[in-house]
Amino acid sequence: MNSLNRSISNHITLILALISILLSIFLFNVFNQILQRYEKTIIDNYSIVIVSTKPIKLINLPLVKSIHELDIKKQIQKIKKKYKNIDFSKISLPLFYKIKLSKLPTPSELKQLEKDLLKYKFIKRVMTHSSAQTKIYNLLMLINLITKTFMIISGILGFLLIIKQLEVWKLLHSERMYIMELFGAPFWFKGATLFKIAFIDALISNIITAIIIIFIINSDLFTSVISELNINFDINLFYQFGLLFFISTTISLVSSIIVVVWSK
Amino acid sequence: MAKLIIAKNLTLAYEDKPIINKVNFTINTGDFVFITGKSGSGKTTLLKSFYGELKPIGGSLMVGGFALEAIKRKQLSHLRKHLGVVFQDFKLIPEWNILKNVMLPILIAGQDRKTSEHKAREMLRKVNLLGLEHKYPSQLSGGEQQRAAIARATIHQPILILADEPISGLDEYSAEIVMNLFEKANKAGITIVIASHSIPHNFSQKYRHFHINEGKIHELS
């Protein structure tokens, strides 16, 4: 019974460590994808309008994707009708341009862009507008930052657990590996038991992680958030699980190889 | 007779402190050798050098055609496949049963499980342990564990068996059985080197006696 308990606790350490790492990686990927897709949906609606005294063909700034002149003839006609006493031929009217951006700017990037644009003497005004969508995006960015911080912490804790497990493995398996070495056992033979444990633990942690992932992505909260954001979020679970299986197997096998090399 | 172990000006040390100092000797194929000396004289140190656990810091040591002062890991692994090592504390793998423990050297040699099992059972029959093959080392007496260790050391028909204090801690009856097993192995052509505090008084077979004293080895007649 004691040896069974010991065996379970030995497996649980690595399994828990792997689950925390795998979930961190998966959620990291999911958040990135959600943000990227949401950014894509709102970037097209996002633009900056500038007022210039000179015609502009090109603005060489990193965030600027393209620039188009706005057709304001209709608005001018309306103003002319309204203010008939003003001689518009004597007034030099400014030019209006719409700037499309290559990516959705963060608030600080936007401020910097405004400053950079105003450095051009012919640009008299820069009009930015933060829509409800960009507010949601900024909120998502904030949630993303907090979540990623937690994920990194849990990933680090996972790795610390694995290091602890390596020490336990060394204690448990070094005597057997030493005896095998005395009889000329090759590397793979000495490590066979550890490699088997590592593979089984990787497999178990993958199954548990897969169940948690399926539960998360089918939860009401997750599906409603995705539909609220109005994005096309079709995650390739087959690819994701394959990737996670590769990562967990690599981590656990590398850990077991470290123990075999370390025990020499 | 072919020379199996050749030591020339061999010096062995622990943490730079010489234990065996510039000794010369040879051990031939088929010899039965006792290495005696008081505690800490260097018996285990010398034995360890024979299976490559300890590298000479001076001179040369040839075992089975391999120069151990400059042996590579792969070559050492190859040499060890032809050696059998027996320890005072048996060094059986605790989480394996006796059958699997005895099978170890031939599994390492690449034999399939079925043949290995068959050979291990045959070996256990020879050392009178048949019926206990599914027991774990902790379930056996010291004498039984040592017999299992000898079965493991001989199953792959090594050229040389190295035994470090194999009968220390065993009762007289078990010690006699163990020594008989070494005799049988020697009669089958295996060279035996035993490091021991003393030579069993009822040991009747022809043997060579190396005595270590103050880092030097003297062959006693």
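None of these values were measured; they are calculated from a predicted model. Quick note on labels: first sequence line is chain A, next is B, and so on, each numbered from 1. Note that these values count all heavy atoms, side chains included, but never hydrogens, waters or copies made by symmetry.
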What are the two closest heavy atoms between A:G184 and B:I108, and how far apart are they? O-CG2, 3.6 Å
So for atom NZ, which belongs to A:K170, do other residues, nucleotides or ligands contribute more than 12 heavy atoms lying within a distance under 6.0 Å? yes
Side chains of B:L104 and A:F189: closer than 4.5 Å at any heavy-atom pair? yes
Do you know which of B:E53, B:H156, B:K74, B:H82 has the most heavy-atom pairs with chain A at a distance under 4.5 angstrom? B:E53
Counting C-beta onward and ignoring hydrogens, is there a side-chain heavy-atom pair between B:R73 and A:E181 closer than 4.5 Å? yes
Looking only at heavy atoms, the pair that brings A:F183 and B:P105 closest together is CD2-CG, 3.7 Å
If you count every heavy atom of other residues, nucleotides or ligands that lies below 6.0 Å from B:K135 atom NZ, does the total exceed 12? no
Just to verify, what does A:K111 make a side chain to side chain contact (heavy atoms under 4.5 Å, CB included) with, not counting sequence neighbours? none
From A:H173 NE2 over to B:I93 CD1, what is the distance, rounded to the nearest 0.5 angstrom? 12.0 Å
Heavy-atom count check: over 12 atoms from other residues, nucleotides or ligands less than 6.0 Å from A:D220 CG? no
With a 6.0 Å cut-off (strictly less than), is the heavy-atom count around NZ of A:K103, excluding the residue itself, greater than 12? yes
Can you list every side-chain hydrogen bond (donor to acceptor under 3.5 Å, both in side chains) pair that touches residues 195-214 of chain A, not counting sequence neighbours? A:H11-A:D201, A:N206-A:S248
Spacing of A:I179 atom CD1 and B:W96 atom CH2 [to the nearest 0.5 Å]: 9.0 Å
How many angstroms lie between CG in B:L92 and CD in A:E175, if you round to the nearest 0.5 Å? 10.0 Å
